[in-house]
Amino acid sequence: MSAFGSVFMPEMAITWFDGSQWSEPEVVPSDSLQLHPGAHVLHYSSTCFEGLKAFRHEDGSVKVFRMDRNIRRLAQSSELLALPSFDEDMLEAMTRDILTRFKSEVPAPPGSMYIRPTHIGTEPIIGKAAVPSLTSCLYVLLSPVGDYFTGGDKPLRVLLDDKGMRCPPHMGMVKSGGNYASALQPIMKARAEHQADQVLFCPGGDVQETGAANFLLIDGNEVITKALDSSFLHGVTRDSILTLARDMGMDVQERELTIDELLERSARPGCEAALSGTAAVLTSVGTLIHNGQEYQVGNGGIGETTVKLRTALNNIQWGKADDKHGWLETI
Ligand SMILES: *Cc1c(COP(=O)(O)O)cnc(C)c1O
């Protein structure tokens, strides 16, 4: 089994903005991209991307999950990075086109086709350190992925970091490479020093998110997660899981959660914690690490409600449950 995101479909959809207009979208080989070594993105990180999935249903049809949300978010990331704006319908058409071409390659559940739209600043100018790129390139890569939990569904060890930040607060809503680069050192340090899988950034004690996933505390019938503000990434999975939790009659609280409350609740039997994101949907957090001390969440294992919520979302994605919120679009 190859690593997540290491296999690509041989072609991608692409369009270039020349400073005044977008080129007619094309389908080109996906193994190379010609850029000037002085391209803005390579020096000043004018880059953003998306991650969404298409699923094969039993009747052979292929459905994309909440594509409108991801396209909207890429447009928003582009705006916050001062990249040229693009027509959201154009990106939807490019995504549909490339998916239609590789429809037969969309893996059956629990696999899926991971879709990676990417927008980069291409202007060949190293003098624009504080000026946006006038030109850009937008492309859509496809990567077939297998079962995320092939190696087993293991509860994660998560380090709470109340000193650092994932990224500067005004960059929180941008899905951009720069933010991942910023989170890399803290994550590597947490792995080396605490055998942690992830770092949960909690600036000033405010429980925010990890490097690439949102955080949810599930305590009995309550689901608690940080309310939307501009300091963190508004996950589509987060929104979907909260919607399903409300459907199940759970008490969903989008509000401030402090480290103190998190650790206090975690000690209660039956308490669960989870990370949400497109790749894995929902993964259990079994252990929290804070100031050199380890805190087991509930029984420290895989959360029952976590699995129930993940299954509910998977069932919709896989066509095994009614898509009553209209999240799936046919390709
Ligand atoms: C992509 C991402 C998420 C998860 O978003 P989904 O839309 O659920 O995949 C959460 N946090 C960060 C920082 C991300 O980059």
Side-chain angles (χ1 to χ4, degrees), residues 4-5 45 47-55 64-78 80-81 91 95 112-119 141 143 145 148 156 158-159 161 164-187 190 197-203 206-217 223 225-245 252 254 257 273-283 285 306 309-310 312-314 316-317 325 327-329:
F4 186 96
S45 293
T47 171
C48 53
F49 67 89
E50 270 307 322
L52 64 160
K53 281 175 170 174
F55 300 91
V64 198
F65 186 71
R66 306 193 77 176
M67 173 163 56
D68 55 328
R69 286 280 183 137
N70 293 88
I71 289 179
R72 183 84 277 283
R73 196 167 67 185
L74 189 69
Q76 182 185 272
S77 292
S78 299
L80 291 168
L81 285 169
L91 179 55
T95 306
S112 60
M113 186 67 87
Y114 185 81
I115 307 162
R116 172 55 63 97
T118 309
H119 190 192
L141 276 172
S143 174
V145 295
Y148 190 88
L156 302 177
V158 169
L159 177 77
D161 180 348
M165 281 186 186
R166 180 179 71 92
C167 66
H170 69 284
M171 293 293 284
M173 286 169 73
V174 193
K175 203 168 176 77
S176 177
N179 290 345
Y180 288 78
S182 159
L184 196 52
Q185 277 297 336
I187 292 170
D197 299 293
Q198 295 291 339
V199 173
L200 177 56
F201 294 94
C202 310
D206 173 35
V207 178
Q208 198 184 47
E209 64 171 332
T210 67
N214 295 123
F215 179 82
L216 282 78
L217 181 68
V223 182
T225 193
K226 186 172 170 60
L228 297 179
D229 67 20
S230 59
S231 72
F232 74 107
L233 212 279
H234 302 176
V236 177
T237 315
R238 172 193 178 280
D239 182 81
S240 307
I241 290 288
L242 295 185
T243 301
L244 295 178
V252 174
E254 293 179 75
L257 174 65
L275 300 183
S276 77
T278 294
V281 175
L282 211 53
T283 39
V285 175
T306 301
L309 287 165
R310 184 209 298 157
L313 184 50
N314 277 151
I316 293 172
Q317 293 174 326
H325 295 286
W327 287 338
L328 297 177
E329 286 193 59

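Atoms within a ligand are numbered from 1 in the order they appear, just like the ligands themselves.
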*Check step by step if salt bridge (charged side-chain N to carboxylate O under 4.0 Å, His left out) holds for Lys226 and Glu209.*
CA-CA 9 Å; Lys226 186 172 170 60; Glu209 64 171 332; over 6 Å; no
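In this structure the side chain of Val145 never reaches within 4.5 angstrom of the side chain of Met113, judged on heavy atoms.
Ligand 1 lies under 4.0 Å from heavy atoms of Arg73, Arg166, Lys175, Tyr180, Glu209, Gly211, Ala212, Ala213, Asn214, Leu233, Gly235, Val236, Thr237, Gly277, Thr278.
With sequence neighbours excluded, the residues that form a salt bridge (charged side-chain N to carboxylate O under 4.0 Å, His left out) with Arg72 are Glu88.
The local environment of OH in Tyr180 is crowded, with over 12 non-hydrogen atoms from other residues, nucleotides or ligands closer than 6.0 Å.
Closest heavy-atom contact between His119 and Ser78: ND1-OG, 2.9 Å.
With hydrogens and angles ignored, the 3.5 Å screen pairs no side-chain donor or acceptor of Ser176 with any backbone N or O of Asn179.
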